[in-house]
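Before any comments, here is the structure.
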There are 2 protein chains.
Amino acid sequence: MGVTIKDIAKTAGVSYSTVSKALRDSPLVKEPTKERIIQIAKQLGYQPNAAARSLVSKKSHTIGVVWPTIERVTHSALITGLNKQLEELSYTTLISINEMEFAINTFNRYQVDAIVAFDERNSKEPANSTVPIVTYGIADDTSLFPTVDVNRKQAIRSAVEYLTSIGHKKINYIGDLLQEDRLQEEKVNGFKQAIHEFDLDPYYSRIVSVTDLEQYDGYQAAKKLLNDPERPTALISGSHDLTKGILRAVYENGLSIPDDLSIISYDNIPATENFDIPLSTVGVPLQLITEKLAEVLMAVINEEEIDHSIYLEPELKITESCQSINGG
Amino acid sequence: MGVTIKDIAKTAGVSYSTVSKALRDSPLVKEPTKERIIQIAKQLGYQPNAAARSLVSKKSHTIGVVWPTIERVTHSALITGLNKQLEELSYTTLISINEMEFAINTFNRYQVDAIVAFDERNSKEPANSTVPIVTYGIADDTSLFPTVDVNRKQAIRSAVEYLTSIGHKKINYIGDLLQEDRLQEEKVNGFKQAIHEFDLDPYYSRIVSVTDLEQYDGYQAAKKLLNDPERPTALISGSHDLTKGILRAVYENGLSIPDDLSIISYDNIPATENFDIPLSTVGVPLQLITEKLAEVLMAVINEEEIDHSIYLEPELKITESCQSINGG
DNA sequence: TTGAAAGCGCTACCAG
DNA sequence: CTGGTAGCGCTTTCAA
C-alpha cells in the first residue's frame, strides 16, 4: 500500500481531516498550512485512494466507455476526442472492450458516474445498471438509453440532392454494405432514398460495395468503376480513407476532378490532408459529436432533463471538387 | 445507489456478514442458506461495490492497460487477446488511453492489481507507482519495469538468413521506417544487420519505405518495385496487411509466386486468409505474446521472481511461397 | 454455522 | 481555522 492522508498528517503534525481538506483545496484551511500539506503530499508521492474516496462521496469523476468493437477504427478517433473532451471537464475516462453486459457490470461495480456505450448491436435488453448510460449509435425511439447520433442518412441524401441540383444524373455511392454495421447501413439507405426522391435511374446510379472502409478498398473499387464506359459523373464516398484511395485511382486513370468526375466525401474529421483539390464533404465534425456526448453525459450525471435522442445534422461543404454537369 | 449486502441480509433474515460470506462462496455458510442468499442477491440485482471491496481486501482483480497510441491497429489485436486471456484468469481489464503518467496515476488511484503499458516511447522517467508495472515494447536492460517483447530484429534477420541459404542475393524489405516507432525500427535494424552479416550487395538488397503498414501501402510499394528491371528475387514484408497489398500487386503484374518472387511475411496472427499460396511467415504468434504477458502480470501480482526482460523468439515457417533461386 | 465488530482510506459534519 | 468522529460497503477476524 502507498501513502495515506494519515501518513501526511503525521509528518505535517496536523490531524488527518485537515489534510483531507487541504488536499481538496478547501477554504477551511489556512493558506500556509494548506501549502505545507500539499508540499508534503507531493514529496511522499501521495495518490488519493479512489476506492475510499468514491465509497464515501458516491462520485468517482470517472466515465466508463464500453467499446466492444475495438477494431472499428472510426470509433478510435471518436473516443480519443471524447477522452480529451472529458479531461477538460476533469473527468477521467476508463475503457472496457468486453461485451456490453459484462462491461456495464464492471463499471457499476466501479461506481463510475456515467457510462457511454459504443455498440453497433444496439441491444434491446434492459441492462441492469444503477449508473446512467448514454449510447452512441443508431438513434431510434425504442432505444433504452439517451442516444447521440449522426444523421448519416440525411448526409448522403443531401449529397445526392446537391449533385442532382447541379445536373448530375449518374451518381454512384461507394461504401460498405456487407458488414453488419448499422452506421454504414444508414448511409446506404440515405442513398437509396435519394435515388427515389430525385428520380435517378438506378441503372446509372449505383451502389458500389466495398468490404472495408480503407484506402485500399476505395482504390480498388474506383479502379474498376472508372474503367467502365458507363462511368458515373459524380461519386459519393462513404469514408475519408475510402476517398483517398478513390482519388489515387482517378489520377492513375488520367481523369481529372471535377472535369471528369465530381466527388463528395462523407467525412467527420477536419481536413488535414492536402489533396490536389479541396474536397467537398458532408458530415458532422468529430468535435461536435464528442462535445454533444460530453454534454449529454454531464446532463445525465446531474440528472438534468435531456432529449432522449439527439440526432446531429450533417453539414454539406462544397468546394471545387464538384462541378455542374454542363461544365459550369 | 444500488443494492448492498445489508439489503440482502434484511430480506434474507440473516446478518450481513453471513451474506458477505455466502456471496464469496465461503465454506463457512450452510449450503441452503448460501443458495437462498445468492438467489435473493440475483433477484435484487445486486452488484458488489468494487470500491468497498478493494478498500478492505487490497485486491481489485483488475489489470489496467495503458494504451496512449490507440490508433496503432497492431496493438488493438494484442489487447483484445490479452483481455480474453485475463478474463480466463478472472481478471477484469480496464483501459486508459491517456498519456503514460496520467494513466498510471489513474490506475494507482483505482488500486488495480497491476498495470501493463503499451508505449512506444518507453519512457525512462521513474513512474511513481505503487502498483507493479509491466511493459510491452522494446526490451532493453535499462528499462525500468519488467518487459515482454518480441525479437523483431531476429525475426527479419532469420528471414534474410533463410533466403540467402537458398541462393537469393536480391532481397528487399518492405516496411515502415518513417514513423517514430521503435517496433518497426527494430525490424529495419534486423534487415540492415543481416545485409551485413550475409554479405549482400546493398545496391540490390534494399529497404523499401512505406508510410503505414496497411494493405494499400504494400500495394503501392510493390507496384513500383516490380516494375523495376532490377527487381528483387525475394521480398520480406513488414506486416500482414502490407503483404496482402503486395500479393495483389504481384498478381496484377502477371508475376507468380514463388517462380518470379519468393515472399516471407512478418506476421503474428494465425493464418486465416486463404491466399493462393500458403504464405511463409516469421514472427511470434499473438497468443504466445498475450500468454506471456498474462504470465508476467500474474507473477508481479504474486510477487514472484521473474526475468526482467522476456524476449520472445520468432519462428520461421516456410511454405511454398519460397523457392530456391536456382529453380529448385 | 452464524453474528458482532473492527477497520480499510477517505469525506463531511460538528465541536471547539 | 483545526481536530474529532461517524460512516460509506465490504471483508475478515473472533465470539457465540
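Chain letters run A, B, ... following the sequence lines, proteins first, then strands; residues in each count from 1.
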Measure the distance from [atom1] on [X] to [atom2] on [N] and round it to the nearest whole Å.
| X | N | atom1 | atom2 | result |
| --- | --- | --- | --- | --- |
| A:Ile8 | C:dG9 | CD1 | C1' | 11 Å |
| B:Lys30 | C:dG3 | NZ | C1' | 14 Å |
| A:Asp25 | D:dC1 | CG | P | 13 Å |
| A:Lys58 | C:dA12 | NZ | P | 12 Å |
| B:Arg109 | C:dC10 | CZ | P | 12 Å |
| B:Arg36 | C:dT2 | CZ | P | 9 Å |
| A:Glu31 | D:dT2 | CD | P | 11 Å |

Heavy-atom check, side chain of B:Leu89 versus side chain of B:Leu297, under 4.5 Å: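 Heavy-atom side-chain distance check fails, nothing below 4.5 Å.
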
Sugar-phosphate only, base, or nothing, as touched by B:Thr33 at under 4.0 Å among non-hydrogen atoms: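 It contacts sugar-phosphate atoms only.
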
With the threshold set at 4.0 Å, does a side-chain nitrogen-carboxylate oxygen contact exist between B:Lys34 and B:Glu31?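 Here B:Lys34 pairs with B:Glu31 in a salt bridge, since their nearest N and O are under 4.0 Å apart.
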
Pair B:Glu185 + B:Arg182: basic N to acidic O under 4.0 Å: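 Salt bridge between B:Glu185 and B:Arg182, a charged N being under 4.0 Å from a carboxylate O: no.
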
Tell me, which pairs form a ring-ring contact (aromatic ring centres under 6.0 Å, His included) where one or both residues lie in residues 49-71 of chain B, sequence neighbours left out?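 The answer is B:His61-B:Tyr91.
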
B/S/- along nucleotides 10-16 of chain D (protein heavy atoms under 4.0 Å) is BBBB---

Check whether the side chains of A:Thr147 and A:Thr135 place a donor and an acceptor atom closer than 3.5 Å, and report yes or no.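 Distance-only check passes for A:Thr147 and A:Thr135.
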
When you compare the side chains of A:Thr290 and A:Gln85, does any donor N or O come within less than 3.5 Å of an acceptor on the partner?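 Note: A:Thr290 and A:Gln85 side chains meet the donor-acceptor criterion.
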
For B:Val14 and for B:Leu55, locate the closest nucleotide of DNA chain C by heavy-atom distance; then report the residue assigned to the nucleotide nearer the 5' terminus.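 Its nucleotide being nearer the 5' end, the pick is B:Val14.
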
